[in-house]
Amino acid sequence: MTQNIPIVENIMNANDRLAEENRARINAAGVFAINIMASPGAGKTSLIEQTLPRLKGKLRVATIDGDIATSIDSDRAAAAGAQAAVQINTGGDCHLDAVMLRGALEQLDLTQFDLLIVENVGNLVCPAGFKLGTHKSVLIASVPEGDDKPYKYPGMYRGVDALVINKVDLLPYINFRMDYFKQGVEVLNPGVTTFETSCRTGDGLDAWVDWLIQNAKRK
Ligand code: MG
Ligand code: ZN
């Protein structure tokens with residue numbers, strides 16, 4: 001096993017270099033870029049769908065959707081008002097990497113946008129290990145997934161810049177101990193910016209949208 005470690009390190013270094021190139025390209029265009037990660041079904045596409053109409057007239061938004069096989073999510077983003085929606089079909093890969101993002105960036109005139117939303121493949125493990133070149137990583141955790149997820153997937157919770165706790169409208173029906181969940185998060189990522197949202201009722205979405213606008217204005 002030990003002889004494989006240098007190979008893995010080389011792959012990660014190559015990815016990091018490409019991520020830096022992506023970052024330079026995004027910065028040169030003055031765009032604020034986020035990488036949204038979550039398990040399947042946590043509400044990545046639903047959050048994007050609810051976010052886009054709230055940004056109408058405020059930010060010009062492009063989305064890049066990573067998906068194993070279909071274009072359902074980028075179609076939804078386009079229908080919700082994304083000025084451009086690019087699909088990355090990963091061909092079975094369970095995460096996006098910097099090469100895939102570069103390919104998608106090449107399909108966009110980045111100078112036409114203020115915000116780039118990248119929707120990663122639904123997966124709570126390896127997306128955390130691959131930098132893309134975006135400015136902020138956002139993790140969506142949803143109430144039905146359970147309150148133990150920070151304890152089970154520390155790598156994902158440790159590295160993110162913002163946490164969206166989604167589907168809070170389901171709290172009355174599910175045994176989700178918010179205190180226990182947040183204690184787990186606090187150990188891994190003290191003081192992380194956190195939003196509690198429901199894409200069904202709209203609760204909490206204004207604060208999330210404000211965060212995007214404030215960050216985009218700084219670019
Ligand atoms: Mg999706
Ligand atoms: Zn993967």
Side-chain angles (χ1 to χ4, degrees), residues 4-5 7-16 18-19 22 33-55 61-104 115-134 136-145 149 152-160 162-167 169-170 195 197-200 202 205 208-209 212:
N4 288 331
I5 289 171
I7 297 169
V8 172
E9 280 178 356
N10 284 341
I11 291 168
M12 298 309 287
N13 288 341
N15 186 78
D16 285 359
L18 279 171
N22 288 342
I34 62 169
N35 172 21
I36 298 185
M37 298 176 284
S39 63
K44 293 182 297 303
T45 310
S46 294
L47 183 68
I48 293 167
E49 223 166 27
Q50 291 302 315
T51 299
L52 288 166
R54 289 171 169 83
L55 290 173
V61 187
T63 63
I64 294 175
D65 284 274
D67 207 290
I68 289 173
T70 74
S71 66
I72 294 170
D73 291 354
S74 63
D75 294 345
R76 283 172 65 185
Q83 275 85 10
V86 175
Q87 176 72 29
I88 301 176
N89 193 324
T90 67
D93 263 6
C94 50
H95 58 267
L96 293 180
D97 62 26
V99 181
M100 294 181 210
L101 189 70
R102 182 176 65 178
L115 172 65
L116 173 65
I117 300 176
V118 180
E119 177 181 346
N120 215 307
V121 180
N123 179 343
L124 274 186
V125 184
C126 38
F130 289 85
K131 289 180 190 164
L132 302 180
T134 48
K136 304 263 187 203
S137 297
V138 178
L139 174 62
I140 304 178
S142 68
V143 165
E145 291 169 64
K149 289 302 167 289
K152 289 191 171 177
Y153 298 95
M156 184 62 80
Y157 281 81
R158 201 177 277 126
V160 296
L163 173 66
V164 176
I165 306 172
N166 193 28
K167 307 191 189 183
D169 54 302
L170 297 178
F195 305 96
T197 64
S198 166
C199 290
R200 195 177 66 81
L205 292 175
W208 156 250
V209 167
L212 292 172

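Indexing begins at 1, ligand by ligand and atom by atom, following the structure's order. Note that the coordinates shown come from a computational prediction; the quantities given were computed from them, not determined experimentally.
- Looking at Glu145, its side chain does come within 3.5 Å of a backbone N or O of Ser142 through a donor-acceptor pair.
- Side chains of Trp208 and Thr197: a donor-acceptor N/O pair is absent below 3.5 angstrom, by distance only.
- Looking at residues two or more places apart in sequence or on another chain, you find a side-chain hydrogen bond (donor to acceptor under 3.5 Å, both in side chains) between Asp73 and Thr45.
- If you run side chain to side chain contact (heavy atoms under 4.5 Å, CB included) between Ile36 and each of Val118, Val160, Ile48, only Ile48 comes through.
- Of all protein N, O or S atoms, those under 2.8 Å from the Zn ion (ligand 2) number 3.
- Here the side chain of Asp67 pairs no donor or acceptor atom with the backbone of Asn89 at under 3.5 angstrom.
- Checked against side-chain hydrogen bond (donor to acceptor under 3.5 Å, both in side chains), Asp169 has the following partners two or more places apart in sequence or in another chain: Ser198, Arg200.
- For the Mg ion (ligand 1), protein N, O or S atoms closer than 2.8 Å were enumerated as Thr45 OG1, Asp73 OD2, Glu119 OE2, with waters left out.
- Evaluated for a side chain to side chain contact (heavy atoms under 4.5 Å, CB included) with Ile140, the options Met37, Lys167, Glu119, Lys44 yield exactly one hit, Lys44.
- Put simply, the side chain of Arg76 never gets that close to the backbone of Ile72: no donor and acceptor are under 3.5 Å apart.
- A donor-acceptor pair under 3.5 Å is formed between the side chain of Asn15 and the backbone N or O of Ala98.
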